[in-house]
Protein chains: 2
Amino acid sequence: MSECKVETALEILTGKWKPKILFQLLNHKTMRFNELMRMIPGVTQRMLTQHLRELEEQDIVTRTVYAEVPPKVEYSISDYGSTLVPVLQTMDAWGRKHAEHIQNRDETN
Amino acid sequence: MSECKVETALEILTGKWKPKILFQLLNHKTMRFNELMRMIPGVTQRMLTQHLRELEEQDIVTRTVYAEVPPKVEYSISDYGSTLVPVLQTMDAWGRKHAEHIQNRDETN
DNA sequence: CTGTATCCCCCTTGATACTG
DNA sequence: CAGTATCAAGGGGGATACAG
């Protein structure tokens with residue numbers, strides 16, 4: 001690391017619901033708004049909309065609106081967004097090890 | 001990713017000054033409090049103390065106090081904290097590519 | 001179904017002064 | 001030198017109601 005761009009990645013992931021959104025979209029490939037609401041316990045319409053908009057603005061998520069009644073909107077990880085997958089996997093793997101670390105530390109008390 | 005532990009890693013890195021602190025400690029191996037203050041423009045004593053304490057609590061950073069007058073305290077990345085390095089490198093690498101992506105996107109406007 | 005619009009609260013951060 | 005104490009500000013997030 002010659003100069004720190006970690007924060008650039010953090011900007012994308014920072015937001016209470018963003019990791020959860022990405023997790024859902026990675027697993028289901030494409031999802032509608034209500035589907036995301038159902039799969040992410042506790043999120044409100046307001047926050048889901050806001051975070052999806054931010055991810056869309058950052059080219060991570062693709063938003064597709066179908067001109068139908070009732071409205072239908074689908075979300076998915078963009079091609080560019082998929083470049084984040086290795087990052088997420090690395091963080092996820094470390095997070096698992098860290099959970100063990102915490103447990104070991106607390107057991108020896 | 002079977003279940004999302006990305007947030008566990010995010011908890012460690014979340015905090016306005018934490019990436020900067022880790023970046024400095026990785027480059028200099030061991031640093032005193034004032035040295036960190038000088039190398040991190042804009043940080044206040046309060047925030048530097050607070051974030052260092054959190055990183056210490058999470059076993060990422062080691063704090064060594066020397067019983068001298070005037071006081072001398074040294075900070076460094078702990079052995080366990082060094083397991084974070086690959087994560088930081090992955091994020092940093094992606095951050096660089098993302099910077100290019102942004103630039104290309106804006107140039108074509 | 002897929003959102004907006006308001007209002008409110010809390011938590012992080014910052015500014016500043018003080019201390020062993 | 002390496003902090004702590006106190007107070008204030010700002011923004012992220014939540015609750016609720018409304019709309020195309």
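All values derive from a computational prediction rather than experimental measurement. In what follows, every heavy atom counts, from backbone to side chain, and hydrogens, waters and symmetry copies are set aside.
Every residue meeting the side-chain contact (heavy atoms from CB on, under 4.5 Å) condition with A/Met39, not counting sequence neighbours, appears here in chain and number order: A/Gln24, A/His28, A/Met31.
The nearest whole Å value for the distance from the CZ atom in A/Arg63 to the C1' atom in C/dC1 is 12 Å. For the pair B/Leu13 CG and C/dT12 P, the computed distance is 16 Å after rounding to whole Å. Rounded to whole Å, the distance from CG on A/Leu48 to P on C/dT2 is 10 Å. A/Gln50 has its CD atom 11 Å from the P atom of C/dT4, to the nearest Å. Residue A/Glu35 contributes atom CD, which lies 9 Å from atom P of C/dT2 at whole-angstrom precision. Atom CG of A/Asn34 is separated from atom P of C/dG3 by 9 Å (rounded to the nearest Å). If you measure from atom CG of A/Leu52 to atom C1' of C/dT2, you get 11 Å, rounded to the nearest angstrom.
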For residues 63-72 of chain B, dump all side-chain donor-acceptor pairs below 3.5 Å to protein atoms at least two apart in sequence or in another chain.
unit_1, atom_1, unit_2, atom_2, d
B/Arg63, NE, B/Tyr75, OH, 3.2
B/Tyr66, OH, B/Glu74, OE1, 3.0

Side-chain polar contacts of residues 9-22 of chain B - donor-acceptor pairs under 3.5 angstrom, sequence neighbours left out - could you list them?
unit_1, atom_1, unit_2, atom_2, d
B/Thr14, OG1, B/Leu10, O, 2.7
B/Lys18, NZ, B/Thr14, O, 3.3
B/Lys18, NZ, B/Glu54, OE1, 2.6
B/Lys20, NZ, A/Glu7, OE2, 3.0

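Residues A/Thr90 and B/Val87 share a closest heavy-atom pair of CG2-CA, 3.8 Å. The nearest pair of heavy atoms linking A/Ile77 to A/Gly81 is CG2-C, 3.6 Å. The nearest pair of heavy atoms linking B/Val6 to A/Leu88 is CG2-O, 3.6 Å. Minimum heavy-atom separation, B/Met37 to B/Thr44: SD-C, 4.0 Å.
The line from CG of B/Leu25 to OG of B/Ser82 is 12.5 Å long, rounded to the nearest 0.5 Å.
A single hydrophobic cluster is not seen to contain both B/Ile102 and A/Leu84; linkage of ILVMFWY side chains at heavy-atom distances under 4.5 Å, directly or through other members, places them apart.
Nearest-nucleotide positions on DNA chain C for A/Pro70 and A/Thr49 put A/Pro70 closer to the 5' end.
An end-to-end axis angle of 50° holds for the helix from C/dC1-D/dG20 to C/dG20-D/dC1, taken from five base pairs per end and rounded to 10°.
Among the heavy atoms of the strands, none lies under 4.0 Å from B/Tyr66.
When DNA chain D is scanned 5' to 3' for any atom under 4.0 Å from a heavy atom of chain A, the first and last hits are D/dG13 to D/dG20.
The aromatic rings of B/His98 and A/Tyr80 sit parallel, their planes meeting at an angle under 30°, below the 60° perpendicular limit.
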remark   = Per-nt protein contacts along nucleotides 14-20 of chain C (heavy atom under 4.0 Å; B base, S backbone sugar-phosphate only, - none) come out as BB-B--B

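A side chain to side chain contact (heavy atoms under 4.5 Å, CB included) with A/Arg53 is found for one member of A/Gln50, A/Glu56, A/Glu57 and no other, namely A/Glu56.
Side-chain N/O atoms of A/Arg32 include none lying less than 4.0 angstrom from OP1 or OP2 on C/dC1.
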